[in-house]
Structures are given as structure tokens and as C-alpha cells.
Amino acid sequence: MTEQQEPSTTTRYTPSEFEDSIYQIWQDSGLFTPPADGLRPTFTVMIPPPNVTGVLHMGHALNNTLQDVVIRHRRMTGYDALWVPGTDHAGIATQAVVEKKLYLEQDLKRSDMGRDAFVDEIWKWREHHGDVILNQLQKLGASCDWSRTKFTLDPGMSLAVRTAFVKMWEKKLVYRGSRLVNWDCNLETAVSDDEIEYVTRKGQIYTLRYPLADSDEYIDVATTRPETMLGDMGVAVHPDDKRYAHMVGKNIALPLTHRLIPIVADDSVVADYGTGAVKITPGHDPADYERGQRHNMQVMNILNGDGTMNEECGQFAGLPREKAREEIVAAFEKLELFVGVEDITHNVTISDRSKSVIEPLVSEQWFVRMSEMSQPAINAVNDGSLNFKPARWKNVYLDWLENVHDWCISRQLWWGHRIPVWYDEDNTPLASIEDVEIGSLHPETGKPIVRQDEDVLDTWASSWLWPFATLGWPDSETSQDLTRFYPTQFLSTGRDIIYLWVARMVMAGYAFLDEMPEADRCPFSTCYIHATVLDGQGRRMSKSAGNGIDPVEMINEYGADAVRYSLMILTREGQDVKLADNRFELGQRFCNKIFNVARYVMTHLKGDFTAPADSAFCFEDKWIKSRLAHLNVTISQALENYDFHDAAQALYRFTTDDFCDWYVELSKRRLWAIDDAEVTDEVLASAQAAKNTLGEVLSDLLKLLHPFTPFLTEKLWAELPQDFREDRGLLMGSEWPVADEAAQNVELEHQFDKLRDAVRAIRNVRALLEIPAGNMPEANVHCEEESDVELFNEQASLVSFAAHLESIDVKSIDAASPVATGTDVFSAGAIFLPMPIDADTSKLRSNLEKKLSKIKGGLIGLEKKLSNAKFVENADSEIVEGERQRMHELQIECKTVEANLQNL
RNA sequence: GGGCGUUUAGCUCAGUUGGCUAGAGCACCAGCUCGACAAGCUGGGGGUCACAGGUUCAAGCCCUGUAACGCCCA
């Protein structure tokens with residue numbers, strides 16, 4: 001692509017013909033990898049690693065487009081920009097996918113295969129399918145440094161995970177203990193508090209009668225899970241509850257068991273809810289666990305890992321919990337201890353992953369002490385080291401950190417980082433970065449090591465190290481990347497993982513990078529929370545609902561640039577985006593526009609090019625250069641602030657309105673002039689100036705567009721003649737244009753607006769009077785200000801050309817209105833078009849009448865306002881003066897319109 | 001129960017520290033095969049800014065309350 005290429009001859013933008021080859025050219029150019037010399041400041045983005053089992057969905061497409069826009073912009077503005085890609089091993093999800101596949105295809109269960117063979121199968125699966133989503137990111141145009149692609153189970157990541165674990169071990173931040181955890185009976189593993197959700201479901205609440213031992217009295221207790229009564233260790237009532245006061249301290253003979261359990265008084269019981277008495281099942285309910293602790297109750301586990309009743313359950317042992325529920329209710333009925341059942345709706349805790357009902361149960365797990373680690377992460381937001389955009393998400397982040405619970409990090413799975421802990425024969429643990437040989441001696445006890453911990457770590461316990469582990473930490477051999485590219489500047493992610501991932505990464509940065517100065521430890525300075533993509537009806541897109549729009553399909557249909565651009569302009573900060581698939585037409589139309597205008601411009605840039613003298617550049621040349629300079633400032637600011645919608649919108653406005661509809665159309669006036677028989681040097685120079693301006697504006701515009709529509713702009717850049725690009729390199733690697741301050745001319749832009757308004761007014765009257773395009777009358781333009789008379793006289797040919805006129809006759813507004821004309825008023829005066837013979841004036845009349853009533857309405861409002869002493873007194877003098885001016889204008893307009901109406 | 005967000009044209013959305021007649025795209029209507037583009041060009045119609053109060057000379061914007069929808073936490 002270093003040689004200039006021939007412009008395309010088709011009039012339709014057909015992205016499928018060039019996107020893949022352009023991506024290949026980028027790949028081969030090495031530009032995805034920042035230069036090794038390290039001379040420029042760095043700008044780093046870490047991709048939120050998608051699950052290795054994942055396929056690209058709209059959320060990914062949106063999020064990764066954002067990141068690519070940021071990275072491409074920074075790459076062009078002089079940074080060594082690095083975007084590190086990778087995938088997450090996603091413990092539970094991946095294990096489940098492969099487990100299912102093996103079962104369906106080979107009728108194999110993992111328990112039959114053994115750990116090593118099963119893990120091998122997952123690795124094989126990853127070799128074949130693990131890059132799907134990364135390839136899809138390439139179709140989207142993601143300019144990641146693929147040479148640095150990481151996987152959260154890579155050996156380097158393993159080293160990082162083990163190092164972090166041992167650091168926590170040494171600081172006593174990690175501990176092993178028996179605690180009530182959220183147990184997923186389907187997956188047979190513990191999950192953390194952050195991996196569960198609550199759903200409202202219909203259920204039943206059962207009331208059971210518990211007889212007191214050695215008494216005729218009883219207590220009724222209500223429960224939604226009758227089967228847990230087998231694990232009851234007591235019954236609690238409120239200390240002030242007179243109904244039960246005499247029973248406190250006595251025992252209950254727990255039915256179906258031979259156990260006696262105490263009645264205790266506890267403040268946590270709500271006396272007027274239900275029967276006012278609650279059963280205490282410390283082994284299977286978080287609140288009861290607390291109550292049990294307060295009353296020194298033992299914890300009894302009645303469940304097996306798969307959700308069946310365990311050997312503590314006597315006749316019920318081995319039954320699935322649902323079946324046990326039925327049988328226990330039946331048994332209570334038989335004993336005449338069943339009081340009743342009612343339908344209720346209540347919140348049920350389910351597992352994020354398997355969607356099965358979570359059973360709280362006590363088991364031996366590894367936990368991370370979070371409270372002290374959370375403090376630096378809290379400080380980071382408060383001292384401004386970390387900014388959220390939109391800012392309100394910092395509250396979600398802070399809420400979680402300020403109320404953080406210890407994190408259960410062990411999982412009873414096989415796919416993941418195995419916990420780097422070994423035990424001697426007395427179960428004394430030893431944490432180690434290096435593998436410990438079985439049979440070697442425990443350094444503290446001197447006893448032989450007999451086994452490694454069977455469990456693996458929660459996936460987030462590797463991904464929280466992502467920002468620095470991807471850069472080589474803690475390996476000193478490879479960690480020059482860490483010094484150069486850490487901390488990163490921008491993290492973009494979804495709101496659902498603010499605490500699962502974002503908060504933990506910040507904690508990890510402060511906790512583990514102790515060799516770095518405090519100020520450099522926060523892993524990113526901006527956390528951008530992107531919009532959620534909803535379907536056309538405003539529902540979340542989901543696989544199960546089948547309402548997802550496949551970005552890859554959209555790319556095939558509309559092109560990656562169209563998909564990218566559409567997503568960017570639809571994404572207002574903090575605002576969810578409703579997406580129907582036809583919304584990509586917006587981007588498609590825009591890309592088509594760029595494609596065609598570039599083709600048009602380039603047909604005029606052929607051959608040798610000599611730059612014209614400054615004097616050859618005319619009014620509209622200066623105008624479009626001024627608009628371009630303003631656009632540059634707007635885009636640059638918007639991108640630095642991550643206001644993607646604003647940037648995309650400014651590009652749209654400039655490209656379609658300013659450039660295509662006005663400048664390019666006006667340029668034809670001068671370009672066609674050289675076809676005339678007698679061509680003066682002046683005409684030639686003017687045409688040359690137009691060509692030069694077209695080329696220069698297009699060149700800069702392609703650059704400004706490039707972060708949003710990289711494929712198309714790169715293709716067009718290759719076709720652009722040498723004179724309009726500084727070197728033969730790729731657009732992707734080119735320098736962002738410098739906003740030309742000298743070219744910015746607000747006054748001139750204001751003048752152009754007046755010309756444009758006049759042209760529009762003329763076109764409007766032409767349409768109302770049905771004057772055909774081929775008919776080129778002479779129009780009168782009457783201006784309110786003398787300076788505008790001058791302006792319109794100077795730019796008469798511009799106005800005539802744009803409005804299809806033979807010529808214009810410019811006068812002061814004080815001049816008498818010409819007779820037999822149709823009029824319209826505009827921002828600087830009025831225009832008059834000669835009435836064609838047999839003209840139907842009805843449309844013009846109704847237009848004028850409507851306008852008149854609007855003007856009169858405006859006048860009444862202004863009169864009222866200006867006669868209000870308080871307004872004149874209080875409002876800024878500029879505002880008051882503006883209103884007076886406006887009033888004056890409206891009065892003139894009123895007069896003009898009335899006069900014309902009378903003449904009709 | 002607590003927190004956050006949204007409500008502006010038929011649809012999807014902009015609208016800055018309060019200040020000219022509230023904007024865009026799509027859709028709609030009328031006209032146009034004019035030498036980049038019919039995925040186009042030109043012109044046009046269309047809004048009680050959710051509702052009720054309040055502050056102010058002035059409110060889509062600020063304050064209070066209400067309603068509907070959505071998300072998160074417990």
C-alpha cells in the first residue's frame with residue numbers, strides 16, 4: 001500500500017471488498033506494536049479479556065470500538081499506544097462447555113476421566129476454539145498488539161497468581177477456614193458473594209409445630225425450606241415477646257430426630273412477623289449462622305455437595321433436597337405436627353453461572369481478607385488518582401469497597417489456577433510460588449509434604465492481576481514492559497463488573513506492586529463505564545431471549561466502519577443504547593458519503609500539482625478551512641474527554657453539511673469554469689486553489705475520521721495523491737493534523753451563514769413558486785446592514801451559483817420592494833424573486849401568512865419582555881441589547897412580508 | 001427497604017454556566033435522472049419538553065413532590 005492506488009470507479013461503498021485486506025496490511029506493517037525505542041510517552045489500554053468460550057456480542061463490539069477509537073487517536077497524536085488483547089480462562093463457564101461437549105459426543109464424564117485427562121481436553125478445546133472472539137475483534141478493526149496477546153492461564157499469569165497468593169499468605173491476607181459459603185449444587189463448588197443473584201419467585205411457606213420436651217406446649221415456626229429442620233440447632237424468639245418468655249431456656253424435642261434443641265431469646269427476631277418464633281439452622285442460612293454463633297450452637301451440615309441429604313439425615317439420607325422437602329412435610333402431617341402451607345413470593349438466591357438455587361452450607365474454603373486491602377482503592381478515587389466516567393459510578397465502586405466482605409477464592413473445579421498450597425501429613429499448609437515436591441519436608445514442621453490443595457482459584461483471582469501481569473509482572477526478565485506501560489490510562493468496561501473486576505484490580509495494584517511508588521500503583525487513571533446495548537424494545541440482549549443482534553452479521557452486511565460509526569454516534573455518555581438492526585444504516589450512509597465525496601475530490605487531483613498563490617484562494621476556501629480548524633479542536637477535545645458521541649456527531653455535521661453540501665457544491669463553480677472556451681489565468685488559478693483546498697480538507701478529514709472509520713479512510717488515503725499526504729505511509733501511522741489557528745475566523749463563518757441563509761430563502765421561494773431548476777432568474781437581495789450589501793455584492797456569483805440564479809441585485813433594505821415578486825426574509829434581510837407568468841401564488845401566500853403570524857407572535861413577546869422594567873434591569877446588558885436588535889429585525893421582516901402579501 | 005438512571009417530534013436521540021423562533025437522524029409530504037453519491041439532492045410539515053407546584057425578569061435546564069419505565073444493592 002505504499003504506492004498510490006487508483007481510485008475506485010464504483011459509486012457504492014462495498015466494504016467487504018477491502019476490509020480484510022486492509023486489516024492484513026495493518027498487521028504486516030507492525031504498527032499495532034508500539035516502537036521499541038520508547039521515545040514517546042505511552043498510552044496503554046488493557047482489553048477486558050472476554051471469556052475464551054465467548055463469541056462477539058454487541059456489548060463487546062461497542063466496548064472494543066471505544067477502545068480502538070481511543071488507541072488510534074493516541075497513536076496518531078504522538079503516543080506509543082499499546083492495546084493489550086487476551087482472553088479469560090473463565091473457570092466455570094469453560095469447564096461446563098467442555099464437560100457438556102465430552103458428554104454429548106463421547107458419553108464421557110469428567111469423574112470418569114480423572115483430573116489430568118479432563119484438563120488436557122479443555123486445553124485441546126482452547127487450541128481449536130479459543131481464538132474465535134479475537135478473530136472477530138480483528139473484523140471489527142481492533143488495533144491490538146497481537147504479539148502481546150495473553151491468556152489468563154498462561155505460564156506468566158500462573159507465576160503472577162502464585163506470587164500474589166504467597167504475598168497475601170505472608171501478610172496473612174489469605175486464610176483457610178470453615179465458613180458458610182454459597183454452594184452451587186449443580187456445579188458442586190463454592191461461589192463468591194458477588195457471583196450470586198436474587199430472583200423473585202413463587203414459593204410456599206410451611207408452618208411446622210415443634211413440641212417442647214417434657215411439656216404439652218409447642219412452638220410453631222415457619223420456613224420456606226422444611227428440609228433444613230434436620231439441621232436445626234435451636235429456636236429463637238424476641239426477648240420482649242411475652243408469648244414465649246416462659247419458654248426461653250427450655251428445650252424442644254426436634255421431630256424426626258432424637259435431638260433436643262434450646263429455645264433462646266435473640267434481638268434479631270421480629271416478634272410480629274409470622275409466629276414470632278424462628279428455627280435456627282446455622283449450617284444452611286447466613287442469618288441463622290450468626291444467631292448460632294451468638295448462642296454457641298454447633299453447626300450441622302445436612303447436605304452433600306450435589307444437593308442430596310447426607311448421612312446425618314437418617315431415613316432421608318440420599319434424597320435430593322426437593323424430594324426430602326415433600327417427605328418431611330408428609331412426615332410432619334403424619335405426626336400431626338403440620339400446621340399449614342401458604343403461597344408466597346419471595347427472593348431466592350441463585351447462582352450466576354448455573355442459575356440453580358444456591359444452598360448456603362458450611363465448608364472449608366480459602367478466603368481473602370478484603371477490608372485492609374480496600375483502603376488504598378478507596379483513597380484512589382477520593383484523591384483523584386482514579387476517575388470514573390460517568391462520575392456517578394464511583395459511588396457503586398465505593399459502596400462495595402466500604403462494605404466489602406471477605407472473598408471466597410477457592411473453587412471445587414479442575415479448570416483454573418490450582419491453589420499453590422501443599423500440606424504435610426498433619427495438614428500443615430505451605431504456600432509456595434515454586435511447585436513443592438511430594439515427599440520433601442515442610443520447612444516449618446520438618447514433616448513430609450503429602451499433597452497439594454485440590455481446589456483452584458476463582459477466575460477473578462487471576463483477572464484482578466490483569467493490568468500488570470500482562471506486562472510481565474513479577475518476572476524481572478520481561479518486566480521492562482511494566483516500567484514502560486504501567487500504569488495504564490484508560491479502562492472501558494460494563495457496569496456489571498465494577499466490583500467483580502474493576503475494584504479488585506485497583507486493590508491488587510496497590511497490594512502487590514509494593515516495589516513501585518504509591519502514586520504509580522493505581523492500574524488506570526480513567527475507568528469508562530460504557531452503555532448497555534438493548535434491543536429495539538429496550539430489553540437486554542441475551543442468548544436465551546434470542547433478541548441479540550450479531551455484530552459479525554452486521555459487519556458483513558454494512559461493513560465494520562458503518563457498525564463502528566453507528567455505535568459511536570448512538571452512545572451518549574451514560575445513556576443506554578436501544579439498537580434495532582436498521583440503525584446501522586446511519587453509519588452505512590455516512591460511509592457511503594465519505595466514499596463518494598473522496599472519489600469526487602480525487603478526480604480533480606490528477607496530474608502534476610502546483611500550489612496556487614495565496615491570492616487565488618477565495619471566500620469559501622477560507623470558510624471551509626476555518627470550519628475544519630474548528631472541527632479539529634472539537635474532535636480533539638471530545639476524544640481527550642472520551643466524549644465519543646460528540647466527536648462522531650461533529651464529524652457528521654462537518655462532512656455532510658459543511659463539506660459535501662456547501663464547499664464541494666460551491667467548488668464546482670470554479671472547477672467547471674476551466675472547461676469554458678476562454679480561460680483566463682485568474683480562472684485557472686482559482687480552480688487550482690479550489691482543488692488545493694479540496695485536497696487539503698479531504699486529507700485532514702480522513703485523518704480526523706480515521707479512529708471511527710479506519711478501514712474506509714485507510715483505503716481512501718492510499719488513493720490520495722502524494723501532494724496531500726506527507727509521506728507514503730499508512731494513515732494509521734500518520735500524524736494527527738494540527739488545528740490551524742490562523743485559519744479560524746468566526747467573523748467570516750458568520751458572513752457565510754448569511755449567504756447560506758439567503759440561498760436557502762431563495763430556494764424556498766423557488767420551490768413555492770415552482771420555478772424549475774433550468775430557469776435562472778435574477779433575484780433581488782435587500783440587506784439590513786450596509787456591510788452586508790457589500791458582502792453580497794462581493795459574493796454575488798457564489799449566491800447565484802448556489803441558488804441557480806442568473807445574477808443578484810443587492811440593495812439596502814430601505815430600497816423599495818420590487819413589484820411582481822415573491823419574497824422571503826432571512827437572517828440579514830429579504831430576498832425577492834420575479835413572479836413567473838401564470839404563477840400559482842397560493843403556496844407562497846400561505847407560507848407568508850404563516851410566517852407573518854409567527855413574526856407577530858414574536859413581536860408581542862418581545863414587546864412585553866422589553867417593557868418589563870425588571871427584565872431590563874436584571875438581565876445582562878448583552879441579552880437586553882440582543883433582544884432589542886431582534887425586535888428591530890422582526891419589525892423589518894414584518895413590514896417586508898406584509899408589503900409582499902399585499903402585492904400578491 | 002435503600003440508591004441510581006430515564007421520560008423532549010411518529011421512532012431513536014442531542015440540547016453546555018438558565019437567555020433569540022427547542023435541534024439531528026430515520027420515517028412522512030412535495031419537487032428533482034444537475035457532470036461524487038437515488039444508500040442521492042432541494043424544500044417542507046411535525047413538539048403543552050411525563051405531570052403538579054416553586055425559585056427567577058426569564059425554566060427543557062435549578063428546587064420540591066407525583067407517576068411510569070429500567071438498573072443496582074440489601
Side-chain angles (χ1 to χ4, degrees), chain A residues 7-14 193-194 197-198 347 390 392-393 395-396 399-400 403 495-496 498-499 532 534 536 538-540 558 562 566 569-572 574-580 582-583 585-604 645-646 649 652-653 656-657 660-661 664-665 667-668 671-672 675 694 759-768 770-774 802-804 824 827 843 847 850-851 854-855 857-859 861-862 864-876 878-880 882-887 889-890 893:
Chain A
S8 172
T9 50
T10 59
T11 66
R12 281 212 171 194
Y13 154 68
T14 44
D193 292 344
D194 305 300
E197 53 187 286
Y198 303 95
N347 281 343
R392 64 186 138 90
W393 293 110
N395 297 328
V396 175
D399 275 358
W400 184 80
N403 303 297
R495 65 188 66 149
D496 47 333
I498 288 175
Y499 39 83
T532 303
L534 307 171
R539 298 169 306 179
R540 259 195 138 86
Y558 296 98
S566 300
I569 202 159
L570 287 172
T571 305
R572 186 69 197 152
Q575 177 77 43
D576 288 347
V577 42
K578 273 191 226 176
L579 199 68
N582 66 0
R583 312 233 61 199
E585 285 174 12
L586 169 71
Q588 185 190 34
R589 287 194 161 105
F590 184 55
C591 289
N592 192 51
K593 196 81 184 165
I594 298 165
F595 174 76
N596 276 302
V597 78
R599 274 179 50 247
Y600 165 76
V601 169
M602 285 191 282
T603 56
H604 290 287
H645 162 91
D646 293 355
Q649 180 146 47
Y652 191 96
R653 288 266 74 85
T656 59
D657 288 357
C660 292
D661 291 351
V664 167
E665 289 307 320
S667 74
K668 291 173 180 172
L671 296 177
W672 294 348
D675 297 339
L694 282 169
V759 169
R760 284 186 177 139
I762 294 165
R763 285 173 177 168
N764 185 21
V765 174
R766 284 189 76 112
L768 292 168
E770 294 175 347
I771 300 172
H804 278 261
D824 194 9
S827 57
K843 282 192 211 162
N847 176 265
K850 200 168 166 187
K851 194 151 260 178
K854 238 181 184 175
I855 292 170
L859 276 172
L862 279 171
K864 209 168 152 191
K865 208 170 185 181
L866 285 165
S867 60
N868 181 346
K870 282 185 177 171
F871 169 70
V872 180
E873 217 169 282
N874 291 325
D876 289 348
E878 285 171 32
I879 301 285
V880 178
E883 297 292 57
R884 289 209 173 106
Q885 182 62 32
R886 178 83 198 124
M887 175 118 170
E889 284 165 16
L890 280 181
E893 286 183 12

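Predicted model only: the values in this text are computed from it and were never measured. Side chains included, hydrogens not; waters and symmetry mates left out as well; all remaining heavy atoms used. Proteins come first, then strands; the chains are lettered A, B, ... in the order of their sequence lines, and each starts at number 1.
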- Query: How would you label the contact of Gln649(A) with the nucleic acid (heavy atoms, under 4.0 Å): base, sugar-phosphate, or nothing?
  - Reply: sugar-phosphate
- Please check the phosphate of rG40(B) (OP1 and OP2 only) for any side-chain N or O of Arg589(A) closer than 4.0 Å. yes
- Query: Quick one: is the NZ or CZ of Lys864(A) closer than 6.0 Å to the six-membered ring centre of Phe871(A), and within 45° of its axis?
  - Reply: no
- Message: By the 4.0 Å heavy-atom rule, please label Leu586(A) as base, sugar-phosphate, or nothing.
- Response: sugar-phosphate
- Does Lys593(A) place a side-chain N or O at less than 4.0 Å from the phosphate oxygens OP1/OP2 of rC41(B)? yes
- Item | Euclidean distance for P, rU55(B) against rC63(B) (whole angstrom) | 15 Å
- Message: Rounded to whole Å, how long is the line connecting atom CZ of Phe590(A) with atom P of rC26(B)?
- Response: 13 Å
- Does the base of rA36(B) carry an N or O that pairs as donor and acceptor with the side chain of Glu665(A) under 3.5 Å? yes
- Check the distance between rC72(B)'s P and Ile498(A)'s CD1 and give it to me in whole angstrom. 12 Å
- Message: Between P on rC29(B) and CG on Asn764(A), what's the gap in Å once rounded to a whole number?
- Response: 20 Å
- Task: Taking only the side-chain heavy atoms of Arg886(A) (C-beta and beyond), determine which of rC4(B), rC72(B), rU21(B) contains the nearest atom.
- Result: rU21(B)
- Message: Within this structure, what is the CD-CD1 distance for the pair Glu893(A) and Ile855(A), rounded to the nearest 0.5 Å?
- Response: 4.5 Å
- How about Ile569(A) and Phe590(A): do any of their side-chain heavy atoms sit closer than 4.5 Å? no
- Item | OP1 or OP2 of rU12(B) under 4.0 Å from side-chain N/O of Arg583(A) | no
- Across the strands shown, which category fits Arg653(A) at heavy-atom distances under 4.0 angstrom: base, sugar-phosphate, nothing? sugar-phosphate
- With a 4.0 Å cut-off on heavy atoms, is Asn874(A) in touch with a base, just the backbone sugar-phosphate, or nothing at all? base
- Message: Could you check whether Asp824(A) pairs with Lys851(A) (Lys NZ or Arg NE/NH1/NH2 to Asp/Glu carboxylate O, under 4.0 Å)?
- Response: yes
- Strand partner of rU64(B), provided both Watson-Crick or wobble distances fall under 3.5 Å: rA52(B)
- Contact under 4.0 Å: Arg763(A) side-chain N or O vs rG43(B) OP1/OP2: yes
- Pairwise C1' distance for rC62(B) and rG43(B), with rounding to whole Å: 40 Å
- With distance as the sole test, does Arg766(A) use its side chain to make a donor-acceptor pair with the main-chain N or O of His804(A) at under 3.5 Å? yes
- Which residue lies more 5' along RNA chain B, comparing Asp661(A) with Ala598(A) via nearest heavy atoms: Ala598(A)
- Among the nucleotides rU21(B), rA39(B), rA36(B), which one has an atom lying closest to any side-chain atom of Glu893(A)? rU21(B)
- Note on the structure: Assign each of Val396(A) and Ala773(A) the nucleotide of RNA chain B bearing its closest heavy atom; nearer the 5' end lies the nucleotide of Ala773(A)
- Nearest-Å distance for atom pair CZ/P, residues Arg392(A) and rC72(B): 14 Å
- Item | Arg886(A) and Glu889(A) ion-paired at < 4.0 Å | yes
- In whole angstrom, give the distance that lies between atom CZ of Arg495(A) and atom P of rG70(B). 15 Å
- Query: So what's rU16(B) paired with, Watson-Crick or G-U wobble, going by both distances under 3.5 Å?
  - Reply: none
- What is the pairing partner of rG1(B), taking Watson-Crick or G-U wobble pairs with both distances under 3.5 Å in any strand? rC73(B)
- Task: Could you tell me which nucleotide pairs with rC11(B) by Watson-Crick or G-U wobble geometry, both distances under 3.5 Å, or answer none if nothing does?
- Result: rG25(B)
- Across every strand shown, the nucleotide meeting Watson-Crick or G-U wobble geometry with rC32(B) (both distances under 3.5 Å) is rG40(B)
- Note on the structure: Regarding the side chain of Glu883(A), the nearest nucleotide among rC20(B), rC13(B), rC71(B) is rC20(B)
- Message: Suppose we define a pair by two distances each less than 3.5 Å, Watson-Crick or G-U wobble; what does rA58(B) pair with here?
- Response: none
- Query: Should the ring pair Phe595(A) and Tyr13(A) be called parallel, tilted or perpendicular, given that the plane angle runs from 0 to 90° and is split at 30 and 60?
  - Reply: tilted
- Query: Are Glu770(A) and Lys843(A) ion-paired here, with the side-chain N under 4.0 Å from a carboxylate O?
  - Reply: yes
- Query: If the C1' atom of rC57(B) is compared with that of rG18(B), how far apart are they to the nearest Å?
  - Reply: 12 Å
- Query: Does Lys854(A) have a side-chain nitrogen or oxygen under 4.0 Å from the phosphate oxygens OP1 or OP2 of rU21(B)?
  - Reply: no
- Message: Between rA24(B) and rG44(B), how far apart are the two P atoms, rounded to whole Å?
- Response: 11 Å
- Among the nucleotides rG5(B), rU21(B), rC72(B), whichever has the atom closest to the side chain of Tyr499(A) is rC72(B)
- Length of the CG-C1' vector between Asn395(A) and rG5(B), whole Å: 13 Å
- Message: I want to verify a distance call: between rC57(B), rG45(B), rA36(B), whose nearest atom is closest to the Lys850(A) side chain?
- Response: rG45(B)
- Message: Whole angstroms only, please: what is the CG-C1' distance between Asp657(A) and rG25(B)?
- Response: 11 Å
- Message: What contact category does Cys660(A) fall into here, base, sugar-phosphate, or nothing, at under 4.0 angstrom with non-hydrogen atoms?
- Response: base
- Message: Please determine whether a side-chain nitrogen or oxygen atom of Lys864(A) lies at a distance below 4.0 Å from atom OP1 or OP2 of rC57(B).
- Response: no
- Taking NE2 from His804(A) and P from rG43(B), how many angstroms apart are they, rounded to a whole number? 11 Å
- Message: Need the pair for rG47(B). Rule: Watson-Crick or G-U wobble, both distances under 3.5 Å, any strand; none if unpaired.
- Response: none
- Item | Phe871(A) over rA58(B), stacked by centroid distance under 5.5 Å, angle under 30° | no
- Item | Phosphate-side-chain proximity, Lys851(A) and rU21(B), N/O vs OP1/OP2 below 4.0 Å | no
